[in-house]
Number of protein chains: 2
Amino acid sequence: MRKSPSAARRTRQRDAIEKVIGSSDRPLALEEILAGASREVRELGIATVYRSIKLLTERGQVVSVEVPGVGVRYESSGKAHHHHFHCNGCEKTFDLHACPFTEPPSLPDGFSHETHAITIFGKCDTCGHRPKPQERRRTARRA
Amino acid sequence: MRKSPSAARRTRQRDAIEKVIGSSDRPLALEEILAGASREVRELGIATVYRSIKLLTERGQVVSVEVPGVGVRYESSGKAHHHHFHCNGCEKTFDLHACPFTEPPSLPDGFSHETHAITIFGKCDTCGHRPKPQERRRTARRA
DNA sequence: GTCGGTGCAAACCTTTTGCAATCTA
DNA sequence: TAGATTGCAAAAGGTTTGCACCGAC
């Protein structure tokens, strides 16, 4: 699986997974991808989703987005430089197209900047209106 | 373990763990804490480290710092608002005392800001000089 | 027909938990 | 001595991998 980019076949499951990620305007959790793709391909195995994501990531079509304290999300690559917003209510992650760094961040002497990741937490437009916060699920702890 | 803050005894292992975290000026990985505390308390069990960190976190003395794609680090709380720098060479995480947000980040309509996390990746002063990058260990993948 | 892909189950890794022994207060 | 804490090993969660069968080409 490492040298000649042999074959690479087109399958229903792979198509479905690619489509779900590609047609989303925000990063998706594994369960969201599994759920979405399962609508087209019943009995989709979770291992297949993992493998497909890995393949797509190696191909450079998908990038993983780690939301601190929440988990990993996946989104299609090729978007312009951007960051993420995570809703503490519905636990969905959204793209944010603003970046506070108009120039490289200032760092201590000798430190160099290569990349950076910014996640803003808060409530999305839908959850901000609701009086009662939805209950959190799973490992959603944060400092 | 949830209501009256009963006793809470002082033990060598707990002291050692607290000391390691408290005396560090940067967030530490679990292995770093284990290694450091083990110097004072031989045969320190990893479960004890996890339990102590959990306790300290619940007490508010420690906060966890998740470095995207790298893993969790722990640092003592009570520091002023700050962010983190992660060296892609030595895999150490450092505090950065600058924050690019002089005012709340602008968000889409209806979205509200509660907190944010910023991690800058690059090379620290030590690793920046080395011509050959050190080899990465474990699960240090990043998009 | 080939050989890549899939699904299932086992393997892995990291973190948590049960329990008997140990240690603090 | 009572009850918190520890260490070990088992359990739990999430992700990866081995393998036989299936399906794209």
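This structure is a prediction, so every number in the text was calculated from the model and none was measured. The chains referred to below are lettered A, B, ... by the order of the sequence lines, with proteins before strands, and numbering in each begins at 1.
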Quiz item: Over how many whole Å does the gap from B:L30 atom CG to C:dC13 atom P extend?
Solution: 16 Å

Quiz prompt | Exercise: identify the closest heavy-atom pair between A:K123 and A:C87 | solution = CA-SG, 3.9 Å

Quiz item: What are the two closest heavy atoms between B:I21 and B:E75, and how far apart are they?
Solution: CG2-C, 3.9 Å

Quiz prompt | Letter per nucleotide, 5' to 3', of nucleotides 19-25 of chain D [B base touched, S only sugar-phosphate touched, - untouched; heavy atoms, 4.0 Å] | solution = ----BBS

Quiz prompt | Interatomic distance, B:R42 CZ vs D:dC8 C1' [rounded to whole Å] | solution = 17 Å

Practice problem: Using only side-chain N and O atoms of B:Q13, determine if any of them is under 4.0 Å from OP1 or OP2 of D:dG7. | Solution: yes

Exercise. Take the protein atom NZ of A:K54 and the nucleotide atom C1' of D:dG14, then report the distance between them rounded to whole Å.
Key: 15 Å

Quiz prompt | Transitive ILVMFWY side-chain link A:L28 to A:F85, under 4.5 Å | solution = no

Practice problem: Mind calculating the distance between CD1 (A:I17) and P (C:dT6) to the nearest angstrom? | Solution: 7 Å

Quiz item: Does A:E32 come within less than 4.0 Å of A:K92, counting only side-chain N to carboxylate O?
Solution: no

Quiz prompt | Min side-chain heavy-atom separation B:F111-A:L96 under 4.5 Å | solution = no

Quiz item: Given atom CZ of B:R59 and atom P of D:dA4, what is their separation to the nearest angstrom?
Solution: 14 Å

Quiz item: For A:I53 and D:dG14, what is the distance between atoms CD1 and C1' respectively, to the nearest whole Å?
Solution: 13 Å

Self-check item: Spacing of A:E40 atom CD relative to C:dT6 atom C1', expressed in whole Å
Solution: 17 Å

Quiz prompt | B:L55 CG - C:dT17 P separation (whole Å) | solution = 14 Å

Quiz item: Can A:E31 and A:R73 be counted as an ion pair, charged N to O under 4.0 angstrom?
Solution: no

Practice problem: Under 4.0 Å between any heavy atoms, over every strand shown, what does A:I46 touch: base, sugar-phosphate, or nothing? Just pick one. | Solution: nothing

